[in-house]
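See below for the structure under consideration.
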Protein chains: 2
Amino acid sequence: MEHKPNIHDVAKLANVSIATVSRVINGQGGVRPKTEERILLAINELGYIRSAAARTMKKKETKTVGVIVPDIKNPFFPIVMAGIEQKAREKGYFTILSSTDESMAVEENIMRNFIERGVDGVIVTTANENSDHLKLLETQGIPIVAVDRVLNKLSVDTVLVDNEQGAFDAVSHLIKLGHERIAIICGPLDTTPASRRLMGFKRAMNENGLAVNSRFIVQGNFQEDGGYQAARKLFSQKERPTAIFSSNNLMSLGCLKAMQDLNWKLGQEVAFVGFDDIDIATLIEPRLTVVSRPMDHLGELAFQMLHERMLAKEHLPKREFILSPELIIRDSCSRM
Amino acid sequence: MEHKPNIHDVAKLANVSIATVSRVINGQGGVRPKTEERILLAINELGYIRSAAARTMKKKETKTVGVIVPDIKNPFFPIVMAGIEQKAREKGYFTILSSTDESMAVEENIMRNFIERGVDGVIVTTANENSDHLKLLETQGIPIVAVDRVLNKLSVDTVLVDNEQGAFDAVSHLIKLGHERIAIICGPLDTTPASRRLMGFKRAMNENGLAVNSRFIVQGNFQEDGGYQAARKLFSQKERPTAIFSSNNLMSLGCLKAMQDLNWKLGQEVAFVGFDDIDIATLIEPRLTVVSRPMDHLGELAFQMLHERMLAKEHLPKREFILSPELIIRDSCSRM
DNA sequence: ATGAAAGCGCTAACAG
DNA sequence: CTGTTAGCGCTTTCAT
């Protein structure tokens with residue numbers, strides 16, 4: 001075969017015009033069965049596959065949505081992505097997934113690329129809340145849905161879990177159990193989830209008349225090593241916390257590893273609640289109490305909202321969809 | 001703004017021809033600095049972004065590689081994908097990721113889509129070894145690299161870990177410890193890794209003069225529930241195995257949960273080795289002995305090979321790149 | 001039921 | 001250094 005076959009080749013072989021071939025390819029009907037058959041045969045023989053590029057040029061539509069996450073290695077995201085992909089497939093959309101490795105530069109780059117490719121919509125969890133580059137999308141009239149992030153400056157839909165409430169519930173639980181020296185391992189505070197979870201922590205402390213000790217607020221990075229360092233830091237203090245709230249799954253992992261290395265007895269010497277349920281939660285002893293959220297549902301919802309926006313002709317108002325997290329009480333928080 | 005700005009709009013605003021604009025966009029030089037500046041200004045003012053579709057039509061190249069994995073929720077794949085994305089980015093390629101949910105139909109669909117979009121290459125871990133739909137790619141002259149799969153019928157490059165050896169090492173270790181009633185939880189046997197791991201298991205048994213008891217070969221599905229069921233099945237036998245080799249990470253998880261539910265004491269009543277290192281491995285008591293493989297490296301290597309193929313003008317011979325797994329001995333296999 | 005022809009936005013050869 | 005022009009492969013009127 002010389003070059004990739006195109007619509008002309010098919011037309012010639014089937015002895016029809018390219019217009020007719022196009023009609024068949026797109027199932028528009030109005031073609032005599034015999035003719036159609038002949039065309040189908042030709043397509044098969046040539047192994048013809050239509051060019052998305054050429055098609056896009058005419059139709060200005062790609063049936064494609066772009067998805068951007070900051071860290072594909074964080075198990076939270078693959079689950080969300082799977083939810084998105086699933087729903088998108090149902091609706092006849094194709095998803096292109098990308099991970100930015102938490103880099104703003106990469107994120108911007110991917111954005112541009114999405115625009116160049118003419119995606120019909122974008123679902124994004126930005127690396128941080130600085131959403132200037134998203135303006136570009138908005139300018140182009142491309143619908144956006146944010147997952148687990150609040151983008152104040154933009155009129156985009158948002159799907160998230162009530163982070164503040166989740167943290168509040170977790171810490172309240174700890175307090176109810178008699179804990180007073182409670183520590184929080186935070187994520188990057190320029191990020192909605194991290195700051196909201198910290199707010200929930202503070203509110204729980206305040207509403208229960210407990211002072212927030214700044215030495216018990218330790219900065220992490222939403223990565224395993226951050227949790228590890230944070231736990232060590234807490235352990236090294238003269239007066240240690242009796243309970244720890246970890247702001248995300250990866251840091252929980254690191255935290256747990258640190259406790260193990262330090263021989264800091266989980267559940268006995270220190271109570272623990274983590275944000276997000278993780279594999280190990282029910283496999284270690286004691287089993288972990290966690291704040292759980294419906295991740296796949298999050299993804300499905302995100303696509304749903306995007307889909308509505310893509311179909312809508314006029315401009316929709318900004319919407320926010322807040323799901324409730326659930327505190328799953330297991331055994332890692334003994335009474336004080 | 002009426003319509004999305006195109007190269008003509010920019011040309012008009014900058015008072016030059018579209019050819020000159022094109023030169024600037026593509027950094028081809030040979031444009032008077034003053035002119036270039038004017039054009040850049042116009043681009044900025046209009047918010048112009050070039051259309052990938054139009055570009056692709058001319059250049060027959062997209063600088064894009066498609067990646068297909070069967071299950072994005074299996075933590076193995078995100079790590080491989082991250083490796084691919086990373087290396088691709090370095091080389092100026094864009095990756096589009098897709099998960100098939102283990103469905104052959106979906107996989108075929110995605111394949112077509114990749115071809116329509118004109119990807120320059122594809123990295124794939126097929127759901128099963130039936131690679132007929134990959135023929136299409138081959139016909140189109142699109143380079144393919146298989147990860148963790150052997151595609152006999154196709155002349156594609158393959159990157160994998162020595163599955164047989166990994167299983168052999170694991171089981172040999174068990175045998176050396178005095179175990180004789182050793183069970184294996186298999187994956188879908190129409191898949192390279194599953195069948196190779198089973199072969200490794202058998203070889204280890206044979207070479208050590210141990211009979212392979214068919215009741216100890218239980219079929220799983222590479223999913224958590226499969227591991228769970230399998231462990232229960234093994235537990236229910238009148239004569240239980242004293243050691244279990246689990247063929248993948250997800251099944252290890254299920255297996256462990258089952259043991260917990262059954263109160264089947266890991267490390268005491270039953271030894272355990274799993275294929276692939278997992279988060280929980282060092283967090284549970286006893287710590288898990290596992291076969292570990294360099295997943296990110298796997299991804300990087302895959303892109304490397306694909307890259308070479310994409311650049312090569314002539315047809316390269318089929319290559320196979322086999323990495324060595326490593327048995328990490330921890331505490332889940334006591335002496336018999 | 002089918003065909004002819006006009007672009008979609010871009011790149012690259014050629015001309016100046 | 002810059003402009004003109006011919007397509008790339010397809011969809012879509014408008015004719016027939």
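Naming: A, B, ... by sequence-line order, numbering from 1 per chain.
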Indicate whether any N or O donor in one side chain lies under 3.5 Å from an N or O acceptor in the other, for B:Ser51 and A:Arg117.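 Absent: no donor and acceptor within the cut-off.
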For residues B:Glu90 and B:Gln86, is any side-chain donor paired with an opposing acceptor at under 3.5 Å?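 B:Gln86 and B:Glu90 do have a side-chain donor-acceptor pair below 3.5 Å.
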Taking the side chain as C-beta and beyond, is there a heavy-atom pair between B:Pro70 and B:Thr191 under 4.5 Å?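 Result no, sub-4.5 Å side-chain heavy-atom pair not found.
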Are A:Thr56 and A:Glu61 packed together at the side-chain level, in the sense that at least one heavy-atom pair is separated by less than 4.5 angstrom? no
Is the count of non-hydrogen atoms from other residues, nucleotides or ligands lying under 6.0 Å from A:Lys91 atom NZ greater than 12? no
I'd like to compare against my own output: the B/S/- annotation of nucleotides 8-16 of chain D with a strict under-4.0 Å heavy-atom distance to protein. BBBBBB---
Name all residues meeting the side-chain hydrogen bond (donor to acceptor under 3.5 Å, both in side chains) criterion together with A:Arg112; count only those two or more places apart in sequence or in a different chain, and write none if there are none. none
Hey, what bend do you get for the helix from C:dA1-D:dT16 to C:dG16-D:dC1 if you fit axes on five pairs at each end, rounded to 10°? 40°
Would you name the heavy atoms of B:Tyr48 and B:Pro5 that are closest together and state the gap between them? CD1-O, 3.4 Å
So which atom in B:Leu154 and which in B:Lys318 form the shortest heavy-atom distance, rounded to 0.1 Å?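 Heavy atoms only, the tightest pair is O-NZ, 2.6 Å.
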Does anything in residues 16-40 of chain A pair up under salt bridge (Lys or Arg N to Asp or Glu O under 4.0 Å), and if so which pairs, sequence neighbours excluded?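 Found none.
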Stretch residues 31-45 of chain A: residues that reach within less than 4.0 Å of DNA chain D through a heavy atom: none
Under 3.5 Å, side-chain donor or acceptor atoms of residues 145-152 of chain B against the rest of the protein: list the pairs with distances, not counting sequence neighbours.
{"from": "B:Asp148", "atom 1": "OD1", "to": "B:Arg293", "atom 2": "NH1", "distance (Å)": "3.3"}
{"from": "B:Arg149", "atom 1": "NE", "to": "B:Thr126", "atom 2": "O", "distance (Å)": "2.8"}
{"from": "B:Arg149", "atom 1": "NH2", "to": "B:Thr126", "atom 2": "O", "distance (Å)": "3.4"}

